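The structure under discussion appears below in the form of structure tokens.
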Amino acid sequence: MAPEHSPQHLRTFGLLVGTGFAVIGLWPTIWRGEMCRVWALVVAAGLSGFALRRPTALRPLYRGWMWVGHVLGWINTRILLGLVFYALFVPIGFLLRMGKRDTLPRVFDRQAQSYRVPRQPRNNEQMKRQF
């Protein structure tokens, strides 16, 4: 049995998700004085009951929950990385090209013996506390 499917892990999952549904169910009552969401309270009670009495019964629900989480994570990663790329890197590259600035020395020099940039050696004290 995988460690993430252990009874303790499934119990934690059931109680945590059950608490989340309880918050969803009680939110309108506590903050707005409206009727509570009964469906969410029923789901919370069911999850919490299974988590306390028979956590292994939550295994299929856990697998489905994790699958949905992986799919949403895959989609969100593409969206967020795309936004960062097009909102940050494309404008910076455009501005650098407009200013004819090249951050890499990519010009071929026939006279150069090497493109290596010489550095001064550092003392060993800098390696003791790197961060």
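All values derive from a computational prediction rather than experimental measurement.
Proximity of a side-chain donor or acceptor of Tyr62 to a complementary backbone N or O of Thr56 within less than 3.5 Å is not detected.
A pairwise comparison of heavy atoms in Ala22 and Ala44 identifies N-CB, 3.5 Å as the closest pair. Contact record, Arg63 with His5: NE-CE1, 3.5 Å, taken as the closest heavy-atom pair. Heavy-atom minimum distance, Phe21 versus Ala40: O-CB, 3.4 Å. Of all heavy-atom pairs spanning Pro7 and Pro55, the tightest one is O-CB, 3.5 Å.
A distance of 6.5 Å separates CG in Leu47 from CG in Leu58, rounded to the nearest 0.5 Å. Once rounded to the nearest 0.5 Å, the distance linking OG of Ser48 with CG of Leu41 reads 10.5 Å. Rounding to the nearest 0.5 Å gives a distance of 7.5 Å between CZ of Arg37 and CD1 of Ile24.
No more than 12 heavy atoms of other residues, nucleotides or ligands lie within 6.0 Å of CG in Asn124, so this atom counts as exposed by the packing criterion. For CZ of Arg53, the number of neighbouring non-hydrogen atoms (other residues, nucleotides, ligands) closer than 6.0 Å is 12 at most. Heavy atoms of other residues, nucleotides or ligands lying less than 6.0 angstrom from CZ of Arg116 number 12 at most.
The hydrophobic cluster containing Met66 also contains Leu61, counting ILVMFWY residues as joined when their side-chain heavy atoms lie under 4.5 angstrom apart, directly or transitively. Residues Trp39 and Met35 are members of separate hydrophobic clusters, defined by side-chain heavy-atom contacts under 4.5 angstrom among Ile, Leu, Val, Met, Phe, Trp and Tyr. When hydrophobic clusters are built by joining Ile, Leu, Val, Met, Phe, Trp and Tyr residues whose side-chain heavy atoms come closer than 4.5 Å, directly or via intermediates, Trp65 is not grouped with Val68. In the hydrophobic cluster analysis, where Ile, Leu, Val, Met, Phe, Trp and Tyr join through side-chain heavy atoms closer than 4.5 angstrom, Leu96 is grouped together with Val84.
The ring pair (Phe, Tyr, Trp, His ring centres under 6.0 Å) search around Trp67 returns none, not counting sequence neighbours. Legend: residues meeting ring pair (Phe, Tyr, Trp, His ring centres under 6.0 Å) with Trp27, ordered by chain and number and at least two apart, are Trp31. For Glu125, the side chain to side chain donor-acceptor pair (under 3.5 Å) partners at least two apart in sequence or on another chain are Lys128. Partners of Leu81 according to the side chain to side chain contact (heavy atoms under 4.5 Å, CB included) rule, which considers only residues two or more places apart in sequence or in another chain, are Thr77. Residues satisfying the salt bridge (Lys or Arg N to Asp or Glu O under 4.0 Å) criterion with Asp102, sequence neighbours excluded, are Arg106. Shown here are the side chain to side chain contact (heavy atoms under 4.5 Å, CB included) partners of Leu95, two or more places apart in sequence or in another chain: there are none.
Through ILVMFWY side-chain contacts below 4.5 Å, Leu80 is grouped with nothing and stands alone. Hydrophobic cluster membership for Val38: Val42 (Ile, Leu, Val, Met, Phe, Trp, Tyr linked by side-chain heavy atoms under 4.5 Å, directly or transitively). In the hydrophobic clustering (ILVMFWY side chains linked at under 4.5 Å, chained through shared members), Leu104 stands by itself.
Applying the ring-ring contact (aromatic ring centres under 6.0 Å, His included) rule to pairs touching residues 85-113 yields nothing, sequence neighbours excluded. Residue pairs that meet the side-chain hydrogen bond (donor to acceptor under 3.5 Å, both in side chains) test with at least one member in residues 88-101, sequence neighbours left out, do not exist here.
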Let me check something: any side-chain donor-acceptor pairs from residues 10-17 under 3.5 Å, sequence neighbours excluded? List them with distances.
{"residue": "Arg11", "atom": "NE", "partner": "Ala51", "partner atom": "O", "Å": "3.1"}
{"residue": "Thr12", "atom": "OG1", "partner": "Gln8", "partner atom": "O", "Å": "2.9"}

